[in-house]
S.K.: 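Dropping a structure here in structure tokens format, bear with me for questions.
These numbers were taken from a predicted model, which means no experiment stands behind them. In what follows, chains are A, B, ... by sequence order, proteins preceding strands, each numbered from 1. The basis for the numbers below is simple: all heavy atoms, side chains too, and nothing from hydrogens, waters or symmetry mates.
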Protein chains: 2
Amino acid sequence: MAAVDLNTHPGHLARRLQQAHSLLWGAMVSEEITSPQFAVLNALVEKPDIDQRTLSEHVHLDRSTIADVVARLVRRGLVERVRDPHDGRRNVLKLSDEGARLHRKLVTRTTRMNRVFLAPLDEDEQETLLRLIGRVADAAEELRG
Amino acid sequence: MAAVDLNTHPGHLARRLQQAHSLLWGAMVSEEITSPQFAVLNALVEKPDIDQRTLSEHVHLDRSTIADVVARLVRRGLVERVRDPHDGRRNVLKLSDEGARLHRKLVTRTTRMNRVFLAPLDEDEQETLLRLIGRVADAAEELRG
DNA sequence: GGAAAATGCTCAGTGCACTGACTAATTCTT
DNA sequence: AAGAATTAGTCAGTGCACTGAGCATTTTCC
């Protein structure tokens, strides 16, 4: 029957937004490292020596997904992963020197990129957009843990 | 050095939003069909007999991605794909009866789901959120056609 | 009519993201 | 102290999404 207007569907718009973002990321920030990988580096700057589970809560990623992302960062020498001697279940994570250096470099670039990405909106609208997305995401994540 | 607050990063928020959405989709709409697959069905209701490239513009998905999604829908008997006799490069796509039936069923469910998803916001805020995301996504997609 | 350009699709490769099933280690209970 | 429950991580499987390379088929331009 009647088709629906996908532009009134937040899921569809969210996908488009994320996609557009990751394209711009590749162009303006880095082709070597992705936005989720940066999120992990950033979390480790804020909280060194955490395990994967804590990390996954922090960046809102699944524990399997975290394992993948961390594995890639380890492979590139940006993160070190060691078994916790006090609790043999945990992997303790920390940035390598190179990881810390890269993070520093990318912080300024991401700031610049965010400015470009949000340029079509004025200051108030930018603030509103971030706040509203945050509220919806928080509430939806609340629904299932 | 100083870590950044990821909640001021639209890309990170967009990913969270999309993720939260797809979780709710699985719970409230369907575990069999995904939101991108629904987008394709919906596009074919609106414009039957289009080729994959037109479809990809319509739902804002890459040509390779479209090929994957369509292949899954074909495998499930929801979409028919035939080589265009007038232009041997094109695949002409159309919904099967079952695809059309499923689309009808899902339209009502997606409407309900969107209501729940956006429930933390009032009417004005919902409208604002969709409008602002649309503007940012449009502009970013504009940058790289 | 034939070479060159453009178009539509496919395929391989990489990365994100989930679920569900499994293993291993720790903690809790009795 | 032994068995049960919880917790952390891994692994296989599926799906979305891109890039870049390649193939076949038009279309365009001489």
S.K.: Find the distance A:Ile66:CD1 to D:dC11:C1' and express it as a whole number of Å.
M.R.: 17 Å

S.K.: Angle class for the B:Phe38/A:His9 ring planes (parallel below 30°, perpendicular above 60°, tilted otherwise)?
M.R.: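 Rings of B:Phe38 and A:His9: parallel, as their planes differ by under 30°.
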
S.K.: What does B:Asp87 touch in the nucleic acid at a heavy-atom separation under 4.0 angstrom: a base, only the sugar-phosphate, or nothing?
M.R.: sugar-phosphate

S.K.: Expressed in angstrom and rounded to an integer, what is the separation of A:Arg90 atom CZ from C:dA25 atom C1'?
M.R.: 11 Å

S.K.: In whole angstrom, give the distance that lies between atom CZ of B:Arg63 and atom P of D:dA21.
M.R.: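 Rounded to whole Å, this separation is 14 Å.
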
S.K.: Nearest-nucleotide wise, let me know which of B:Glu31 and B:Arg83 is further upstream toward the 5' end of DNA chain C.
M.R.: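 This one resolves to B:Arg83.
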
S.K.: From the list D:dA17, D:dG15, C:dG8, which nucleotide is the closest neighbour of the side chain of A:Arg15?
M.R.: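 Looking only at side-chain atoms, A:Arg15 lies closest to D:dA17.
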
S.K.: Using heavy atoms and a sub-4.0 Å distance, could you list which residues of residues 52-61 of chain A are near DNA chain C? By number, please.
M.R.: A:Leu61

S.K.: Respond yes when some side-chain nitrogen or oxygen of A:Thr65 is under 4.0 Å from OP1 or OP2 of C:dC18, and no when none is.
M.R.: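 Checking A:Thr65 against C:dC18: at least one side-chain N or O falls below 4.0 Å of OP1 or OP2.
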
S.K.: Round to the nearest Å and state the distance from B:Asp68 atom CG to C:dC9 atom C1'.
M.R.: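 In whole Å, C:dC9 C1' and B:Asp68 CG are 12 Å from each other.
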
S.K.: CG of B:Leu93 versus P of C:dT10: gap in Å, rounded?
M.R.: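 Rounded to whole Å, this separation is 9 Å.
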
S.K.: If you assign B:Pro36 and A:Ala67 each to the DNA chain D nucleotide with the nearest heavy atom, which residue ends up on the more 5' nucleotide?
M.R.: A:Ala67

S.K.: Report yes if some heavy atom in the side chain of B:Arg109 is under 4.5 Å from a heavy atom in the side chain of B:Arg112; otherwise report no.
M.R.: yes

S.K.: Below 3.5 Å, does any donor atom in the side chain of B:Ser64 face an acceptor in the base of D:dT19, or the other way round?
M.R.: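 A donor-acceptor contact between them is present.
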
S.K.: In whole angstrom, what separates B:Gln37's CD from D:dG15's P?
M.R.: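 Distance, rounded to whole Å: 7 Å.
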
S.K.: Answer yes or no: is there a side-chain heavy-atom contact under 4.5 Å between A:Gln19 and B:His60?
M.R.: no

S.K.: Go through the structure and list residues passing salt bridge (charged side-chain N to carboxylate O under 4.0 Å, His left out) with B:Asp49, not counting sequence neighbours.
M.R.: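 Result, salt bridge (charged side-chain N to carboxylate O under 4.0 Å, His left out) vs B:Asp49: B:Lys94.
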
S.K.: How many whole angstroms separate atom CG of A:Asp62 from atom C1' of C:dG20?
M.R.: 11 Å

S.K.: Is it the case that over 12 heavy atoms from other parts of the model lie below 6.0 angstrom from the CD atom of B:Glu32?
M.R.: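 No, not enclosed.
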
S.K.: Using only atom types and a distance under 3.5 Å, with no angle test, would you say the side chain of A:Glu125 pairs donor to acceptor with the backbone of A:Asp122?
M.R.: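 Indeed, once roles are kept as given, a pair shorter than 3.5 Å links the two residues.
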
S.K.: Does the side chain of B:Asp51 come under 3.5 Å of the side chain of B:Thr54 through a donor N or O and an acceptor N or O?
M.R.: yes

S.K.: Among C:dG15, C:dC9, D:dA17, which nucleotide sits nearest the side chain of B:Gln18?
M.R.: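 Side chain of B:Gln18 sits closest to D:dA17.
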
S.K.: Provide, to the nearest angstrom, the distance between the NE2 atom belonging to A:His86 and the P atom belonging to C:dT27.
M.R.: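 Rounded to whole Å, this separation is 12 Å.
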
S.K.: Could you pick out which residue, A:Arg75 or B:Leu23, lies toward the 5' side of DNA chain C when each is mapped onto its nearest nucleotide?
M.R.: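 On the 5' side of the pair lies A:Arg75.
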
